[in-house]
Amino acid sequence: MKAGPNILITGTPGVGKSTLSQQIAERSGLEWVSVSDLARDNLFYDGFDEERQCPILDEDKVLDELEDMIAEGGKIVDYHGCDFFPERFFDIVFVLTTNNTILYDRLAARGYQGTKLTENIECEIMNVIRDEAMDSYNNDIVHVLPSNSPEDMESNIERIILWIEAWKRDNGSSS
Ligand code: ADP
């Protein structure tokens, strides 16, 4: 039996995935798995993207590493992409979205500029990650959540915690 549900939190960089994942992990006891940190710590890279000035994720190595964790259950996986995970990995998928002017300020504050900044803003305006999630998973399990304000953050946390508790009741998990 799985220790808990496996949850994917996805969305454009800067929408609040890691903040939300960390908060849910603290409040629910589920384990937060940041795919970016996992890749960085284990050097799961396959070259370097000169244009975007960032390493290219080695998706196969990431998936190999995630396989056992997902089998255990109780994982909150956070990444700014979602089409390379097997559909069976997740019980539910949350796509965070942010108004583009707010997102612009967050990414600029993070030091993004030039192509990296405009590409991410365009990605958000064009709903790229939302569409990727809709194309990759059963739409019944994909939920789009606004993440513009601290109030949004709090209501998203509460909503996901309630969902986790319901999952545990329905799946006979006592933890
Ligand atoms: P991601 O993991 O998606 O790249 P982060 O969690 O690192 O995003 O958040 C980026 C920045 O935006 C952080 O400074 C964070 O505090 C802020 N932030 C995230 N979500 C919200 C929100 N709902 N309201 C206000 N600020 C937020």
Side-chain angles (χ1 to χ4, degrees), residues 5-42 44-45 48-49 51-59 62 65-66 69-70 74-85 89-90 92-137 141-164:
N6 291 313
I7 299 174
L8 176 63
I9 310 277
T10 189
T12 309
V15 292
K17 298 179 298 296
S18 43
T19 311
L20 180 72
S21 303
Q22 187 175 18
Q23 288 284 325
I24 297 168
E26 272 175 26
R27 297 198 204 178
S28 68
L30 266 60
E31 187 186 346
W32 170 31
V33 180
S34 158
V35 169
S36 299
D37 290 356
L38 189 78
R40 186 199 58 214
D41 295 347
N42 295 283
F44 291 155
Y45 296 133
F48 192 81
D49 183 335
E51 201 183 325
R52 292 178 184 80
Q53 284 296 302
C54 63
I56 298 165
L57 194 72
D58 188 327
E59 296 173 353
V62 167
E65 188 75 12
L66 282 178
M69 298 187 200
I70 292 292
K75 302 293 182 282
I76 306 165
V77 175
D78 130 43
Y79 194 58
H80 57 263
C82 58
D83 60 356
F84 65 96
F85 303 113
F89 267 22
F90 301 110
I92 196 161
V93 175
F94 293 101
V95 184
L96 302 187
T97 63
T98 300
N99 173 296
N100 50 292
T101 54
I102 297 174
L103 187 64
Y104 186 98
D105 290 344
R106 285 190 202 158
L107 292 178
R110 193 186 261 186
Y112 283 25
Q113 49 187 333
T115 317
K116 195 170 178 182
L117 179 53
T118 49
E119 271 192 357
N120 281 304
I121 297 296
E122 277 168 22
C123 171
E124 185 64 4
I125 292 172
M126 312 269 292
N127 294 311
V128 171
I129 310 283
R130 188 200 64 185
D131 291 350
E132 193 177 309
M134 294 291 187
D135 289 345
S136 306
Y137 301 90
I141 69 157
V142 178
H143 301 267
V144 179
L145 303 176
S147 178
N148 296 308
S149 62
E151 292 74 27
D152 286 346
M153 178 63 69
E154 196 50 44
S155 79
N156 292 340
I157 293 167
E158 277 168 24
R159 179 172 170 183
I160 297 172
I161 295 284
L162 284 174
W163 182 86
I164 293 169

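Whatever order the structure lists ligands and atoms in, that order sets their numbers, starting from 1.
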Is there side-chain contact between I9 and I76, with heavy atoms separated by less than 4.5 Å?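 Answer yes - side chains close enough.
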Whether D83 side chain and E132 backbone form a donor-acceptor pair below 3.5 Å: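 It does not hold such a pair.
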Please check this pair: side chain of N6 against backbone of I70, looking for a donor-acceptor N/O pair closer than 3.5 Å.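 Judged by distance alone, yes, a pair lies under 3.5 Å.
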Yes or no, since that's all I need: does a protein heavy atom fall within a distance strictly under 4.0 Å of atom 7 (O) of ligand 1?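 Looking at atom 7 (O) of ligand 1, one finds that a protein heavy atom does lie closer than 4.0 Å.
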Protein heavy-atom contact under 4.0 Å for atom 13 (C) of ligand 1?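 Given the 4.0 Å cut-off, atom 13 (C) of ligand 1 does not count as touching protein heavy atoms.
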For [X] against [Y], the heavy-atom pair lying closest together:
X	Y	answer
L96	E124	O-OE2, 4.4 Å
G16	M153	O-CE, 3.9 Å
R130	V95	CA-CG1, 3.9 Å

Do any nitrogen or oxygen atoms of [X] lie less than 3.5 angstrom from nitrogen or oxygen atoms of ligand 1?
X	answer
G16	yes
P13	no
S149	yes

Nearest protein heavy atom with distance in Å, relative to [atom]:
atom	result
atom 20 (N) of ligand 1	M153 CE, 3.3 Å
atom 26 (N) of ligand 1	R106 NH2, 3.7 Å
atom 15 (C) of ligand 1	T19 OG1, 3.8 Å

Test of understanding: given a 4.0 Å heavy-atom threshold, classify the contact between T98 and ligand 1 as side chain, backbone, both, or neither.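 For T98, no heavy atom sits under 4.0 Å from ligand 1.
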Is ligand 1 less than 4.0 angstrom away from at least one heavy atom of G11?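 No heavy atom of G11 comes that close to ligand 1.
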So, are E65 and K75 salt-bridged, with charged N and O less than 4.0 Å apart?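 Salt bridge: no.
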Atoms in ligand 1 with a heavy atom of R110 nearer than 4.0 Å: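 Counting from 1, the qualifying ligand atoms are 1 (P), 4 (O), 5 (P), 7 (O), 8 (O), 10 (C).
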Within ligand 1, which atoms have a heavy atom of K17 less than 4.0 Å away?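 Contacts of ligand 1 toward K17, numbered from 1: 1 (P), 2 (O), 3 (O), 4 (O), 6 (O), 8 (O).
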Crowded around Y104 OH? As in, over 12 foreign heavy atoms under 6.0 Å?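 Open: at most 12 neighbouring heavy atoms sit under 6.0 Å from OH of Y104.
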